[in-house]
Amino acid sequence: FRNAIESAETKGQLKRLTGKGFSGTFELVDGANKTGSRYEDAIENAIISMNEPKQVSVSAMRDYLSCWHSEYNTDNRPQVLKSALDRCSERGWIQQVSGKGFSGSYRLMYPYYPSPRELWGSYYEEPKSKTEVKAESPKK
């Protein structure tokens, strides 16, 4: 893992913000060339998911929903998104940090760190249990 972090930093995929060696804070570099190394996507997903605070503007949220969740049809029915944001705000899940009404930015009120299963979706593989690993290893 250490080699993967150092390799990503030397390739220009990660930028060190603080610390040195294996400790510190990193950020992703926009437009960095991916080489397809083993841990490249996992490191990128970890940095994205652990970023705090989780904050987004309404326009960025609409763009994301129209691309990746077209079933909500937020381009033709923006009231669906507005009512969902209002409900979440009333329940204390999110807070509007700028703007008024259906403009501005919202922030999650509680820290959210997605599990690897949520990040990888259908590509996630369950870790093998110790009994399965023992059963698969060849006997001498």
Side-chain angles (χ1 to χ4, degrees):
F1 186 71
R2 173 184 223 137
N3 292 338
I5 295 283
E6 290 172 355
S7 173
E9 187 178 13
T10 57
K11 291 176 188 174
Q13 297 170 344
L14 293 177
K15 177 182 172 188
R16 183 182 300 274
L17 298 177
T18 62
K20 57 184 174 181
F22 192 54
S23 65
T25 304
F26 295 90
E27 78 175 346
L28 295 174
V29 175
D30 286 337
N33 292 330
K34 290 185 138 195
T35 58
S37 64
R38 183 175 181 188
Y39 295 107
E40 198 169 78
D41 288 335
I43 291 170
E44 182 178 314
N45 285 343
I47 290 173
I48 290 170
S49 66
M50 299 308 279
N51 185 32
E52 284 293 331
K54 304 266 191 292
Q55 181 172 317
V56 68
S57 68
V58 173
S59 59
M61 195 179 319
R62 282 183 72 181
D63 291 343
Y64 176 82
L65 289 171
S66 67
C67 290
W68 300 103
H69 295 282
S70 57
E71 66 269 16
Y72 296 118
N73 197 12
T74 57
D75 291 334
N76 296 329
R77 297 175 30 211
Q79 188 62 31
V80 172
L81 178 59
K82 183 179 182 338
S83 62
L85 291 172
D86 290 342
R87 278 193 311 271
C88 291
S89 184
E90 288 170 3
R91 293 178 182 169
W93 297 343
I94 61 174
Q95 175 187 17
Q96 189 167 12
V97 292
S98 67
K100 291 183 178 180
F102 196 49
S103 66
S105 296
Y106 287 86
R107 179 181 294 168
L108 285 178
M109 295 299 293
Y110 304 100
Y112 172 69
Y113 306 116
S115 69
R117 179 175 297 167
E118 290 174 301
L119 286 173
W120 287 81
S122 63
Y123 298 107
Y124 179 75
E125 296 177 5
E126 289 290 334
K128 295 181 179 179
S129 66
K130 291 183 180 181
T131 57
E132 289 177 6
V133 172
K134 287 182 183 178
E136 290 178 7
S137 61
K139 296 188 178 188
K140 292 182 180 180

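Cluster partners of M109, using a side-chain heavy-atom cutoff of under 4.5 Å among ILVMFWY residues and allowing indirect links, are Y110.
Contacts classified as salt bridge (Lys or Arg N to Asp or Glu O under 4.0 Å) and involving residues 5-17 (residues at least two apart or in different chains) are given here: R2-E6, E9-R16, K15-E27. For residues 71-99, the salt bridge (Lys or Arg N to Asp or Glu O under 4.0 Å) pairs, not counting sequence neighbours, are K82-D86.
For F102, the CZ atom counts as densely surrounded, since its 6.0 Å shell holds more than 12 non-hydrogen atoms of other residues, nucleotides or ligands.
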*Verify side-chain contact (heavy atoms from CB on, under 4.5 Å) between V58 and S103, making sure each step is shown before the conclusion.*
CA-CA 6 Å; V58 173; S103 66; 5.9 Å; no
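Residues passing the side chain to side chain donor-acceptor pair (under 3.5 Å) test with T10, sequence neighbours excluded: none. In this structure S57 satisfies the side-chain contact (heavy atoms from CB on, under 4.5 Å) test together with S59, A60, S105, sequence neighbours excluded. Under the side-chain contact (heavy atoms from CB on, under 4.5 Å) criterion, S70 pairs with no residue, sequence neighbours left out.
Looking at T74 and S66, their side chains never bring a donor and an acceptor atom within 3.5 Å of each other.
With Y106 as the partner, the side chain to side chain contact (heavy atoms under 4.5 Å, CB included) test is satisfied by one option alone out of Q95, Q55, Q96: Q96.
Cluster annotation: W93 and V80 are assigned to distinct hydrophobic clusters (Ile/Leu/Val/Met/Phe/Trp/Tyr, side-chain heavy-atom contacts under 4.5 Å, transitive). In the hydrophobic clustering of ILVMFWY residues, with side-chain heavy atoms under 4.5 Å counting as a link, V56 and L85 come out together.
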